Amino acid sequence: MTARTMDIPSSATAHLYLREDRIRQSYEAMMLAWRTLNADCESLLREKELGPAHHRILFLTAAHPGITPTALLNSLGITKQSLGRALGDLRDRKLLVQEEDRHDRRKRPLCLTEAGEALERELFLMIREVMTRAYREAGMTAVEGFRRVLTPLQMPVGSSVP
């Protein structure tokens, strides 16, 4: 037994689905799934000279119109400098606009332009196609179970990274 597994309860005391090997398999599957989900998107992003951070910003801004840079910063867990650079790229390419909040001038809500919405939609359709295929193969019960597993792993948009 390795030093890493010595403090872990034996399989006799752990639930079958909570065993270390099962958790490792699940984590590996999520990493590989992430790669598969984004493989098609990567070529389009490269063509547009954009990267994964740009993609995540486009996606979250589409899902949460008016999201603030602070909320994005907390959700993405990236540095302020990285966020600023990516937001600048997206503004320069006319994919995103940063407005002034009518009630609080310190807030600078973000919205996608028509071009930004079109690019985000194109990227999302690629992901949707892959996920739809997987969901159909897995079936409704598995899809609901998957959602229930992912829900407690998520951090709400705009919350602070622990």
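Reckoned from all heavy atoms, side chains included, excluding hydrogens, waters and symmetry mates. This structure is a prediction, so every number in the text was calculated from the model and none was measured. Position 1 is the first residue of the sequence; numbering continues from there.
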Atom pair CZ/OH of R128 and Y135 - distance to nearest 0.5 Å: 13.0 Å
Connected via hydrophobic side-chain network under 4.5 Å: L37 and V143: yes
Audit row: T61, E120, side chain to side chain contact (heavy atoms under 4.5 Å, CB included) steps and yes/no: CA-CA 9 Å; T61 305; E120 190 282 331; over 6 Å; no
Spacing of L44 atom CG and M126 atom CE [to the nearest 0.5 Å]: 4.5 Å
Minimum heavy-atom distance A62-L112, with the two atoms named: CB-CD1, 3.6 Å
ILVMFWY cluster, L150 and M31 together (side-chain gap under 4.5 Å): yes
Joint cluster assignment, I67 & L73, ILVMFWY side-chain distance < 4.5 Å: yes
Residues E129, R133: salt bridge by 4.0 Å N-O rule: yes
All side-chain hydrogen bond (donor to acceptor under 3.5 Å, both in side chains) counterparts of H54, not counting sequence neighbours: D89
Any H55 side-chain heavy atom under 4.5 Å of N38 side chain: yes
Pairwise distance CD1(I57) to CG(L95) - rounded to 0.5 angstrom: 11.0 Å
Spacing of L83 atom CG and T79 atom OG1 [to the nearest 0.5 Å]: 8.0 Å
Inter-residue atom distance D40.CG - L125.CG, 0.5 Å rounding: 11.5 Å
By salt bridge (Lys or Arg N to Asp or Glu O under 4.0 Å) - contacts of R147 (at least two apart): E144
Q25 vs R19 side-chain heavy atoms within contact, under 4.5 Å: no
Partners passing salt bridge (Lys or Arg N to Asp or Glu O under 4.0 Å) against E122 (at least two apart in sequence or in another chain): none
Pairwise side-chain contact, P69 with L110, heavy-atom cut-off 4.5 Å (strictly under): yes
Trace of the side chain to side chain contact (heavy atoms under 4.5 Å, CB included) decision for E42 with R35: CA-CA 10 Å; E42 287 174 5; R35 187 186 68 196; 5.5 Å; no
M131 reachable from L32 in the ILVMFWY side-chain graph, under 4.5 Å edges: no
K48 backbone acceptor or donor facing R93 side chain under 3.5 Å: yes
Shortest non-hydrogen separation from V149 to P152 and the atoms involved: O-CD, 3.3 Å
In one Ile/Leu/Val/Met/Phe/Trp/Tyr side-chain cluster, 4.5 Å: V97, L90: no
H64 side chain reached by S75 side chain, heavy atoms, under 4.5 Å: no
Close side-chain approach of L123 to I127, heavy-atom, < 4.5 Å: no
Atom pair SG/CD of C111 and E117 - distance to nearest 0.5 Å: 8.5 Å
